[in-house]
Amino acid sequence: MSTLVAELELDLEVFTGPFDLLLTLVLKEEVDLLEVELADVVLSYIDVLESRGELDLEVATEFLVLIAALLELKSRLMLPREDEELLDFEPDVAAEELLQRMLEAKRYRSAASHLIEKLLGQDGVRFRSAPLPAALRRTDVHDLDAVYKPARLGRAIGGLLALPPKVDIRHLTIPRVSVADRLSHLRRLLRSAGRTTFEEAVAGADRVTVCVTLFALLELYKQGEATWQQEEPFGEIEIVSPGAAAASAAAA
């Protein structure tokens with residue numbers, strides 16, 4: 001049983017002492033469970049937790065399981081005698097079942113503690129404790145040299161120590177123009193003549209500037225400051241301001 005549960009001291013009307021002793025007496029039917037106020041036990045446990053200022057979920061879960069089992073057992077004892085035939089278990093059978101569960105839980109906790117101690121003692125080290133197969137106990141040095149050649153091992157280690165080739169980033173282009181710059185450029189061309197072409201807007205520009213100019217043209221169209229038209233596929237793209245487009249429509 002966990003330390004916190006075992007150290008829990010109770011002061012009840014029918015019992016005074018540690019909680020584990022109360023469980024033992026209840027299971028041995030030396031203390032009448034009907035006279036034990038389980039609510040006082042829970043309140044005492046909460047007081048212990050508050051005094052410690054911490055909550056161990058594993059210990060709290062164990063306590064809840066034990067209290068729930070006692071509540072179930074007590075509820076069976078409190079039922080009227082004429083309804084006993086409707087119960088799944090008789091009180092004595094329920095007590096034996098509770099004891100069996102507690103003993104099984106204790107075995108699992110002991111096994112878990114043993115494994116934890118083993119793992120802590122072997123922290124960072126894992127090894128095979130089973131003996132080697134008989135075939136591997138009889139080896140020949142020449143066979144090992146044929147399979148694990150020192151030169152091959154040296155090349156493998158040397159490959160791990162070798163620095164990887166430097167990544168060539170010369171093909172990457174650093175943008176030197178923003179969408180705002182290209183917006184200003186397009187608006188300046190449209191203010192001077194009311195219309196322009198995409199080829200004129202990107203004359204002498206690199207590929208990144210051409211892409212940014214396209215984004216700027218889409219932004220002009222979104223804001224209603226320009227439209228464009230292309231008479232034929234892969235033909236010249238003409239960009240027209242709303243004022244120039246209205247004047248052309250009126251003249252037509």
Side-chain angles (χ1 to χ4, degrees), residues 53-58 60-61 64 112 115-116 118-120 122-128 130 132-133 135-136 139 141-252:
E54 60 181 5
L55 175 61
D56 189 332
L57 292 180
E58 181 179 357
T61 302
L64 290 176
L115 291 177
I116 290 175
K118 287 292 186 181
L119 290 176
L120 292 178
Q122 304 170 9
D123 189 18
V125 179
R126 298 292 182 270
F127 60 90
R128 178 179 178 179
L132 290 174
L136 296 181
T139 58
V141 178
H142 299 289
D143 296 337
L144 296 177
D145 184 67
V147 178
Y148 305 101
K149 296 182 179 179
R152 182 179 180 184
L153 179 61
R155 289 194 301 270
I157 297 177
L160 293 176
L161 298 177
L163 295 176
K166 187 177 180 180
V167 179
D168 187 6
I169 59 174
R170 290 177 297 179
H171 63 285
L172 298 179
T173 303
I174 301 176
R176 295 183 176 84
V177 63
S178 64
V179 176
D181 295 336
R182 302 312 292 176
L183 281 173
S184 301
H185 176 66
L186 290 174
R187 286 166 179 161
R188 184 170 57 254
L189 293 176
L190 292 176
R191 281 197 302 267
S192 61
R195 63 182 63 238
T196 185
T197 62
F198 189 78
E199 287 74 10
E200 181 182 357
V202 297
D206 55 18
R207 290 185 299 174
V208 175
T209 303
V210 172
C211 293
V212 176
T213 305
L214 178 60
F215 293 146
L217 179 58
L218 295 174
E219 184 65 23
L220 285 180
Y221 178 79
K222 178 181 177 181
Q223 297 179 6
E225 298 183 34
T227 59
W228 67 82
Q229 58 184 0
Q230 188 179 32
E231 296 295 339
E232 58 183 6
F234 304 102
E236 190 177 64
I237 300 176
E238 184 178 14
I239 306 171
V240 183
S241 64
S248 299

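Keep in mind that the numbers below use all heavy atoms, side chains included, and drop hydrogens, waters and symmetry copies.
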Query raised in the report: With a 4.5 Å limit on heavy-atom distance, are the side chains of Val208 and Cys211 in contact?
Result: no
Query raised in the report: What's the spacing between Ile239 CD1 and Leu189 CG if we round to 0.5 Å?
Result: 8.0 Å
Report task. Determine the minimum heavy-atom distance between Pro242 and Gly224, stating which atoms define it. Result -> CG-O, 3.3 Å
Query raised in the report: Can Asp181 and Ser184 be counted as having a side-chain donor-acceptor contact under 3.5 angstrom?
Result: no
Report summary line: Quick note, ring pair (Phe, Tyr, Trp, His ring centres under 6.0 Å) partners involving residues 185-205, not counting sequence neighbours, are none
Query - Heavy-atom closest pair, residues Ala226 and Leu190 - result: CB-CD1, 3.9 Å
Please report, to 0.1 Å, the donor-acceptor pairs under 3.5 Å made by any side chain of residues 155-167, with sequence neighbours excluded.
none

Report task. Check Val210 against Val202 and note the closest heavy-atom contact, atom names and distance. Result -> CG2-CB, 4.0 Å
Report summary line: The side-chain hydrogen bond (donor to acceptor under 3.5 Å, both in side chains) partners of Thr197 (sequence neighbours excluded) come to none
**Report entry** Contacts of Arg187 that satisfy side-chain contact (heavy atoms from CB on, under 4.5 Å) - sequence neighbours left out
**Finding:** Leu183, Arg191, Leu220, Gln223, Glu225
Query raised in the report: Taking only residues at least two apart or on different chains, which pairs with a member in residues 226-236 satisfy side chain to side chain donor-acceptor pair (under 3.5 Å)?
Result: Gln229-Glu238
Report task. For Thr213, check side-chain hydrogen bond (donor to acceptor under 3.5 Å, both in side chains) against everything at least two apart and list the hits. Result -> Arg182
